[in-house]
Amino acid sequence: MLVQDITSTFAEARDFASQALSTQINREQQLVLRFTQYDREQQVKLTQLAHQLDGVVQASPAALTMLLSQPAARQLTRHWSQVFQQQATVQIQLTQIMKQYDIYWQAGDHRFNLTTKPLIYGIMNITPDSFYDGGRYETMADVLAHVDEMLQAGADVIEVNGQTTRPGFKEVTPAEELDRTLPYIRAIKAQFPAAVLAIDTYKYPVMQAVLTEGVSIINDVNAFTDDPRKLQLMADSRVGLLTMHSSRDQEYADLTSSMRQFFEQNLAELTAAGIDLERIALDQGIGYSKVAHGEQDYVMMRNIDEFNYLKRPMMVAISRKGYLGLLLGLKKEDRLPMTLVTEATMMLKGGRILRVHDVAETKQLVTLLNRIENGYWLASAE
């Protein structure tokens, strides 16, 4: 028996039906496998497997085609040897096919497989005016205790922030931002040497200063292209880039298409500067619309799967944001449940980096959703 991935053939076809199917496959992160050179007994087993994996299957004497979600395809790979004895060739082929769909994010010495495990990205604000927890962590002891709490709860990354970019924010100088962040970066690295550190900054001097301090990720709300020096600095470094789309300065007639164009151009500029694509992750910029917490934010929550075709991890950055106050009348301290609802919706559509204030609850969310996504019953096929 042989197996072939024919997912890309639909994108190459010119007829409308094939192109529409290709779009849907990309959006829902599905793939199409074609099996050949099998006997009647194997065809029956393949068909049974497809049904157990909730896939769409079409069989003929010459070939059997399966349309599967990626979690289902991984279950197929995992259980293959239990179902078909002496089919090592197909097992190897399936493993190689699935590796092609893994999305990695390289951040310094760390290489995260976002396909197999979403990233929990904990926020450590060291600012007096951040919208949710500004001024809450005022001493070194407070900060280190909160970092310890987040790491113990399951945070994969700790992001230090010294300049809020909330609507109507007041800019601070690079020197003041560094005064706020550098002592804490150094203290966190000293006390938690295994911690993966990020910084949220759009200032070139800050980026330049933190590169020698053990920071693995830089999060730039200006997408690294507002200052040519940033591109060279990033190209000469090994940090992971989190590049954000912002529409605070413009309105769109067609938001999703405009965002596609932005990300395609931004990725092209970053990679043309010598930055490896695997180092780049994306952020839609929810909360950074011209009208704060307006209709565009809800479009971005819904359309996150429209960018799966870019094959880059997308951040979900909605933790306790103001839309929950405007829509539901919730105070900041009461927004966690609806934050988790939004995060769950976006994660299931492809958001694999969850930037959060509440790590323990987010860890529970990720654990549960991962279990549900992989909830296939294959015992009777063994």
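Here the structure is a predicted model, which means the values were calculated and not measured.
- The side-chain heavy atoms of Gln19 and Thr23, taken from C-beta on, include no pair separated by under 4.5 Å.
- Cluster partners of Phe16, using a side-chain heavy-atom cutoff of under 4.5 Å among ILVMFWY residues and allowing indirect links: none.
- For Lys203, the salt bridge (Lys or Arg N to Asp or Glu O under 4.0 Å) test picks out Glu177, with sequence neighbours left out.
- Annotation: side chain of Met259 is in contact with side chain of Gln284 (closest heavy-atom distance under 4.5 Å).
- Partners of Glu159 according to the salt bridge (Lys or Arg N to Asp or Glu O under 4.0 Å) rule, which considers only residues two or more places apart in sequence or in another chain, are Arg355.
- Taking Ile, Leu, Val, Met, Phe, Trp and Tyr as hydrophobic and joining them when side-chain heavy atoms fall under 4.5 Å apart, one finds Tyr104 isolated, its cluster having no other members.
- Looking only at side-chain heavy atoms (C-beta outward), Met314 and Met346 stay at 4.5 Å or farther from each other.
- Looking at heavy atoms from C-beta onward, Ser319 lies in side-chain contact with Asp358 at the 4.5 angstrom threshold.
- Hydrophobic clustering, defined by side-chain heavy atoms of Ile, Leu, Val, Met, Phe, Trp and Tyr closer than 4.5 Å, groups Val157 together with Trp105, Phe112, Leu114, Leu119, Tyr121, Val196, Ile217, Leu242, Met315, Ile353.
- Applying the ring-ring contact (aromatic ring centres under 6.0 Å, His included) test to Tyr376 and every residue at least two apart in sequence or in another chain returns nothing.
- No donor-acceptor pair closer than 3.5 Å links the side chain of Lys332 to the backbone N or O of Arg320.
- Judged as a salt bridge (Lys or Arg N to Asp or Glu O under 4.0 Å), and not counting sequence neighbours, Glu28 has no contacts.
- Between the side chain of Asp5 and the main chain of Met98, no donor-acceptor pair closer than 3.5 Å is present.
- Two residues are said to be in side-chain contact when any heavy atoms from C-beta on lie closer than 4.5 Å; Tyr101 and Ile97 meet this criterion.
- Using a 4.5 Å heavy-atom cutoff, the side chains of Asp220 and Asp226 are in contact.
- With salt bridges taken as basic N to acidic carboxylate O contacts below 4.0 Å, one links Arg260 and Glu306.
- At distances below 3.5 Å, at least one donor-acceptor pair connects side-chain atoms of Tyr38 with backbone N or O atoms of Leu64.
- Listed by chain and number, the residues in a ring-ring contact (aromatic ring centres under 6.0 Å, His included) with Phe307 are Phe263 (sequence neighbours excluded).
- For Tyr288, the ring-ring contact (aromatic ring centres under 6.0 Å, His included) criterion is met by no residue, not counting sequence neighbours.
- Cluster partners of Ile6 are Phe10, Leu21, Ile25, Val32, Val56, Leu67, counting Ile, Leu, Val, Met, Phe, Trp and Tyr whose side-chain heavy atoms approach within less than 4.5 Å, directly or via other members.
- Using a 4.5 Å heavy-atom cutoff, the side chains of Ser69 and Asp54 are not in contact.
- Listed by chain and residue number, His245 satisfy the ring-ring contact (aromatic ring centres under 6.0 Å, His included) test with Tyr252 (two or more places apart in sequence, or in another chain).
- By the side-chain hydrogen bond (donor to acceptor under 3.5 Å, both in side chains) test, Glu373 is found to be paired with no residue, residues two or more places apart in sequence or in another chain being considered.
- Side-chain atoms of Asp297 never come within 3.5 Å of backbone atoms of Ile286 as a donor-acceptor pair (strictly under, hydrogens ignored).
- Residues Asp102 and Arg74 are paired through a salt bridge, judged by an N-O separation under 4.0 Å between the basic side chain and the carboxylate.
- Inter-residue side-chain proximity for Ser247 and Met300 is flagged as met; some heavy-atom pair is nearer than 4.5 Å.
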